[in-house]
Amino acid sequence: MIAAHIHPSALIDHRAQLDSSVSVGAYSIIGPNVSIAQGTTIGPHVVIEGHTRIGCNNTIYQFASIGAAPQDKKYAGEPTAFEIGDRNTIREFVTFNRGTVQDGGVTRLGNDNWIMAYVHIAHDCQVANHTILANCVQLAGHVHIDDWVILGGFTGVHQFCRIGAHAMLGMNTSLTQDVPPYMMVNGNPAEMRATNQEGLKRRGFNDEELRAVRDIHRTLYRKKLSLEDALNELKTQQLSHITQPVIDFIALSTRGLLR
């Protein structure tokens with residue numbers, strides 16, 4: 001297992017499965033139930049433990065803790081897991097905990113995510129693809145983050161919250177309810193501000209689609225409708241490929257919609 005791209009001071013259990021192209025820095029520790037796919041770089045002083053699977057071409061910086069036991073008093077040593085997809089950048093001092101049997105048993109980070117320093121992803125979180133979690137973002141257990149979400153620095157998310165695709169939360173936001181797709185939120189406590197127009201433009205949304213997003217915001221937050229009436233109005237709006245994800249998101253909400 002010791003090769004030119006694995007520092008001799010690294011402690012790698014002989015049962016760990018590392019592709020021959022994986023690089024491991026000085027003093028890193030990799031446990032027996034870890035698998036790491038091709039092209040991934042592990043920096044110095046990283047600890048990877050538990051049943052953890054890491055995909056291709058990830059970069060994990062120094063002092064990261066990945067796959068540690070969940071910070072949940074109900075956890076009794078069950079063999080739960082943490083999964084990381086491909087092409088993620090994971091910066092210094094992050095703490096990623098594996099899942100619990102009270103949920104699906106797996107915490108997941110998808111593909112192409114940019115995770116900055118001191119981020120905490122707690123047990124059973126599901127973080128999708130193309131997200132940005134800025135410095136010191138803290139996700140409590142069972143949080144679901146959809147594609148293209150951006151969370152500003154020092155944002156805290158309450159357990160079981162869901163954040164819809166293309167949403168953005170400003171720095172220092174304290175979130176305790178679900179945020180539908182496309183929206184922009186800020187504050188402590190969190191308040192709905194507007195739609196994430198600039199982010200949507202960058203992702204190729206055309207003028208008609210941007211107008212549809214503004215109509216969704218107006219229906220949910222400006223017309224003073226009940227949620228039931230707002231949903232009925234959303235179902236009549238044009239561009240179902242824009243409105244339907246919001247309708248589906250609301251149907252799955254358990255914490256209640258931030259309104």
Side-chain angles (χ1 to χ4, degrees), residues 103 110 119 121-122 124-134 136-259:
D103 200 327
V119 167
I121 298 179
D124 304 293
C125 287
Q126 308 293 309
V127 180
N129 309 302
H130 304 286
T131 69
I132 299 174
L133 275 57
C136 299
V137 164
Q138 306 290 292
L139 305 183
H142 315 280
V143 168
H144 284 229
I145 308 289
D146 289 343
D147 292 348
W148 298 105
V149 166
I150 298 176
L151 302 184
F154 297 91
T155 290
V157 183
H158 192 282
Q159 61 186 11
F160 293 102
C161 282
R162 303 178 66 95
I163 302 176
H166 303 282
M168 179 175 181
L169 276 61
M171 65 177 294
N172 293 318
T173 296
S174 177
L175 183 70
T176 59
Q177 290 182 291
D178 297 343
V179 176
Y182 317 125
M183 300 301 155
M184 183 176 289
V185 171
N186 185 231
N188 183 4
E191 294 183 13
M192 184 62 59
R193 302 297 183 184
T195 60
N196 185 18
Q197 291 286 297
E198 191 60 37
L200 297 174
K201 289 178 184 177
R202 292 175 181 175
R203 288 168 212 135
F205 280 59
N206 61 38
D207 289 343
E208 185 180 19
E209 291 168 331
L210 293 172
R211 283 194 296 272
V213 170
R214 289 195 293 271
D215 287 342
I216 291 169
H217 180 267
R218 191 175 300 112
T219 299
L220 285 174
Y221 295 101
R222 301 299 183 193
K223 291 188 174 182
K224 300 186 184 302
L225 300 173
S226 69
L227 185 57
E228 181 180 1
D229 289 343
L231 279 170
N232 288 333
E233 183 166 320
L234 288 179
K235 292 174 184 177
T236 69
Q237 292 181 4
Q238 301 298 313
L239 299 187
S240 61
H241 71 283
I242 299 295
T243 57
Q244 192 61 47
V246 178
I247 295 167
D248 295 342
F249 180 92
I250 294 171
L252 293 172
S253 176
T254 59
R255 287 289 303 170
L257 205 65
L258 178 68
R259 298 189 80 197

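Any value given below was found using the heavy atoms of this structure, including those in side chains, with hydrogens, waters and symmetry copies removed.
Val119 approaches Leu133 most closely through the heavy-atom pair CG2-O, 3.7 Å. Here the closest non-hydrogen pair linking Val149 and Ala165 is CG2-CA, 4.3 Å. The shortest non-hydrogen separation linking Thr236 to Asn232 is CG2-O, 3.4 Å. The nearest pair of heavy atoms linking Cys125 to Ile121 is CB-CG2, 3.6 Å. Heavy atoms only, all atoms of each residue included: Glu209 and His241 are closest at OE2-NE2, 2.9 Å. Residues Gln159 and Arg255 share a closest heavy-atom pair of O-CD, 3.6 Å.
Residues His217 and Met192 form a side-chain contact, since some pair of their non-hydrogen atoms from C-beta on lies under 4.5 Å apart. For the pair Thr243/Asp215, no side-chain contact is recorded, criterion being any heavy-atom separation below 4.5 Å from C-beta on. A heavy-atom distance below 4.5 Å is not found between the side chains of Ile163 and Val185. Considering only heavy atoms from C-beta on, Tyr221 stays 4.5 Å or farther from Thr195 through its side chain. A 4.5 Å side-chain heavy-atom check between Leu231 and Glu228 finds every atom pair outside the cut-off. Annotation: side chain of Ile145 is in contact with side chain of Leu151 (closest heavy-atom distance under 4.5 Å). Under the 4.5 Å side-chain criterion, counting only non-hydrogen atoms from C-beta, Leu210 is in contact with Leu200. A heavy-atom distance below 4.5 Å is found between the side chains of Arg203 and Asn196.
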*Please walk me through it: do Met183 and Ile216 pass side-chain contact (heavy atoms from CB on, under 4.5 Å)?*
CA-CA 10 Å; Met183 300 301 155; Ile216 291 169; 3.8 Å; yes
*List the steps, then state whether side-chain contact (heavy atoms from CB on, under 4.5 Å) holds for Gln197 with Val213.*
CA-CA 8 Å; Gln197 291 286 297; Val213 170; 4.0 Å; yes
*I would like to know whether Glu233 and Asp229 meet side-chain contact (heavy atoms from CB on, under 4.5 Å); could you show each step before the answer?*
CA-CA 6 Å; Glu233 183 166 320; Asp229 289 343; over 6 Å; no
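Here the CG atom belonging to Leu252 is positioned 12.5 Å from the CD1 atom belonging to Ile247, to the nearest 0.5 angstrom. In this structure, the separation between CD on Glu198 and CE on Met184 is 8.5 Å, given to the nearest 0.5 Å. With rounding to the nearest 0.5 angstrom, the NE2 atom of His158 is 9.0 Å from the OG atom of Ser174. Atom CZ of Arg162 sits about 9.5 Å away from atom CD of Gln126, to the nearest 0.5 Å.
Within the 3.5 Å criterion, the main-chain N or O of Val246 finds no donor-acceptor partner in the side chain of Tyr182. The main-chain N or O of Thr173 is never found under 3.5 Å from a side-chain atom of Asn186 such that the two would form a donor-acceptor pair. A donor-acceptor distance shorter than 3.5 angstrom exists from the side chain of Gln138 to the backbone of Cys136, with no hydrogens or angles considered. At least one donor-acceptor pair closer than 3.5 Å links the side chain of Thr155 to the backbone N or O of Gly170. Asn129 places no side-chain N or O within 3.5 Å of a backbone atom of Gly110 that could act as its donor or acceptor partner.
Open room surrounds CD on Gln238; 12 or fewer heavy atoms of other groups in view lie less than 6.0 Å from it. More than 12 heavy atoms of other shown residues, nucleotides or ligands fall within 6.0 angstrom of atom NZ in Lys223. Shown here is Phe154, whose CZ atom has no more than 12 heavy atoms of other residues, nucleotides or ligands within 6.0 Å.
No side-chain donor-acceptor contact under 3.5 Å links Gln177 and Arg259.
Between His166 and Trp148, the ring-plane angle classifies as parallel under the 30° and 60° cut-offs.
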